[in-house]
Amino acid sequence: MTKDLYPNHSLEEIINDMDTNDRKRLAKQSYPTDGVIVKSDLAYINDRDDFHLFDIYYNEENKGKGLPTIINIHGGGLVYGRKELNRNINIEFARAGFNVAALNYRLLPQVSLKEQISDIISGISFIYNNHEKFDLNMDKLFISADSAGAYLAMAAFAIINSGELQDLFGISCPKIEIDGMVFISPMTRLADDGSFSSINEFVIGGLDHDDLKTYAKNMIKIFDKVNPCPIFIQTSKEDFIRDHSYDLRDYLDEGSGFYEFADFGKGIDQALGHVFPVCYPKWPESIIAIGQMVLFLKNL
């Protein structure tokens with residue numbers, strides 16, 4: 001059963017707590033960019049909105065040599081987060097032989113879920129259409145996403161691959177082949193109860209069709225419309241939404257989806273909580289987890 005990390009907290013209090021904790025964590029982390037070239041605050045929509053910016057992390061030694069590309073989508077429960085939260089793991093992916101584009105997107109409750117998904121697809125489409133300008137290779141294109149980023153990534157992948165879903169969501173996009181996805185502590189559905197259920201009214205209230213509401217409540221169902229690409233799922237015993245990962249694994253087991261599944265036990269020196277490889281990529285267990293993700297993608 002999903003635990004409640006913020007019992008009796010309002011949505012505003014949850015956002016403030018997440019922001020405070022992340023600022024403290026990042027302030028303590030000294031993370032050099034040796035071997036990586038970072039281009040920051042590029043716009044995928046030219047409207048001067050900071051939430052429509054993205055960063056690129058290039059593998060310095062092999063920049064421009066056709067390395068595979070990862071598009072990274074941060075988490076934050078749909079209501080919080082920014083691309084910089086994933087800076088350290090994106091540096092690790094770049095060092096491992098990828099070029100990584102990290103997206104911002106607008107947040108609830110200022111926008112609707114459809115607008116968030118539209119932002120993700122706009123970002124992916126812009127990068128795809130302008131890949132030569134940015135020295136990015138589209139022959140191998142992957143998505144990495146954590147927590148609510150995975151929820152949005154599932155929606156974006158399905159919509160990109162289904163004209164029916166494009167009509168339903170009112171989102172158009174080019175045909176883009178996504179070769180694989182990595183989901184770290186994925187959020188796959190809305191919370192049934194607890195503090196995080198406070199986002200539900202913002203999500204459901206912004207949708208005008210019963211099918212949209214069905215997908216929003218359980219985004220795994222959107223894969224009924226498309227064949228999912230290969231997916232790497234990573235969770236841990238101390239991940240407060242661990243059951244979401246198991247729901248996705250069970251769904252892929254019942255269908256024809258190819259996946260790998262990594263469930264870490266309790267940490268020896270520290271708790272391996274929600275999205276621990278993103279927050280602490282230098283931990284020994286995180287090095288193992290990221291290595292598994294890299295191997296999975298390179299073998300596709």
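The distance between the ring centers of Tyr57 and Phe98 does not fall below 6.0 angstrom. Ring-centre distance between Phe232 and Phe258: not below the 6.0 Å cut-off.
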Derivation of the side chain to side chain contact (heavy atoms under 4.5 Å, CB included) call for Asp50 and Asp41: CA-CA 8 Å; Asp50 287 350; Asp41 295 334; over 6 Å; no
Apply salt bridge (charged side-chain N to carboxylate O under 4.0 Å, His left out) to residues Asp208 and Lys114 and explain how you reach the verdict. CA-CA 10 Å; Asp208 54 6; Lys114 284 201 295 185; 3.7 Å; yes
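Using modelled atom types and a 3.5 Å distance limit, the side chains of His74 and Asp146 yield no donor-acceptor pair. A donor atom on one side chain and an acceptor atom on the other are found under 3.5 Å apart for Ser144 and Asn72. A donor-acceptor pair shorter than 3.5 Å can be found between the side chains of Asn62 and Asn59. For the 3.5 Å distance criterion, the side chains of Tyr80 and Asp17 fail to qualify, holding no donor opposite an acceptor. With no hydrogens or angles considered, no side-chain donor-acceptor pair links Asn130 and Tyr44 at under 3.5 Å. Using a 3.5 Å distance cut-off with no hydrogens or angles, the side chains of His52 and Asp119 do pair a donor with an acceptor. Counting only N and O atoms by type, the side chains of Thr69 and His131 include no donor and acceptor under 3.5 Å apart.
The minimum heavy-atom distance linking Pro281 with Ile287 is given by the pair O-CG1, 3.6 Å. In plain terms, the two heavy atoms of Leu207 and Leu212 that are nearest each other are CD1-O, 3.6 Å. Pairing each heavy atom of Asn8 with each of Glu13, the nearest pair is O-OE1, 4.0 Å. Residues Glu238 and Ala271 approach most closely at OE2-CB, 3.5 Å, considering heavy atoms.
No path of Ile, Leu, Val, Met, Phe, Trp and Tyr side chains, each step under 4.5 Å between heavy atoms, connects Tyr58 with Leu297, placing them in separate hydrophobic clusters. Side-chain heavy atoms closer than 4.5 Å link hydrophobic residues (I, L, V, M, F, W, Y) into clusters, and following such links, even through other members, never connects Met138 to Phe142. When hydrophobic clusters are built by joining Ile, Leu, Val, Met, Phe, Trp and Tyr residues whose side-chain heavy atoms come closer than 4.5 Å, directly or via intermediates, Phe51 is grouped together with Ile71.
Within the cation-pi definition used here (under 6.0 Å to the ring centroid, within 45° of the axis), Lys221 does not qualify as a partner of Tyr215.
In terms of modelled atom types and a separation under 3.5 Å, the side chain of Arg95 and the main chain of Asp34 share a donor-acceptor contact.
Ring geometry for Tyr280 versus Trp283: interplanar angle under 30°, hence parallel rather than tilted (30 to 60°).
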Less than 3.5 Å apart, which donor and acceptor atoms pair up between the side chains of residues 164-186 and the rest of the protein, not counting sequence neighbours?
from: Glu164; atom 1: OE2; to: Lys225; atom 2: NZ; distance (Å): 2.9
from: Gln166; atom 1: NE2; to: Ile159; atom 2: O; distance (Å): 3.1
from: Lys175; atom 1: NZ; to: Asn161; atom 2: OD1; distance (Å): 2.9
from: Asp179; atom 1: OD2; to: Leu141; atom 2: N; distance (Å): 2.9
from: Ser185; atom 1: OG; to: Asp239; atom 2: OD2; distance (Å): 2.9
from: Ser185; atom 1: OG; to: Val275; atom 2: N; distance (Å): 3.0

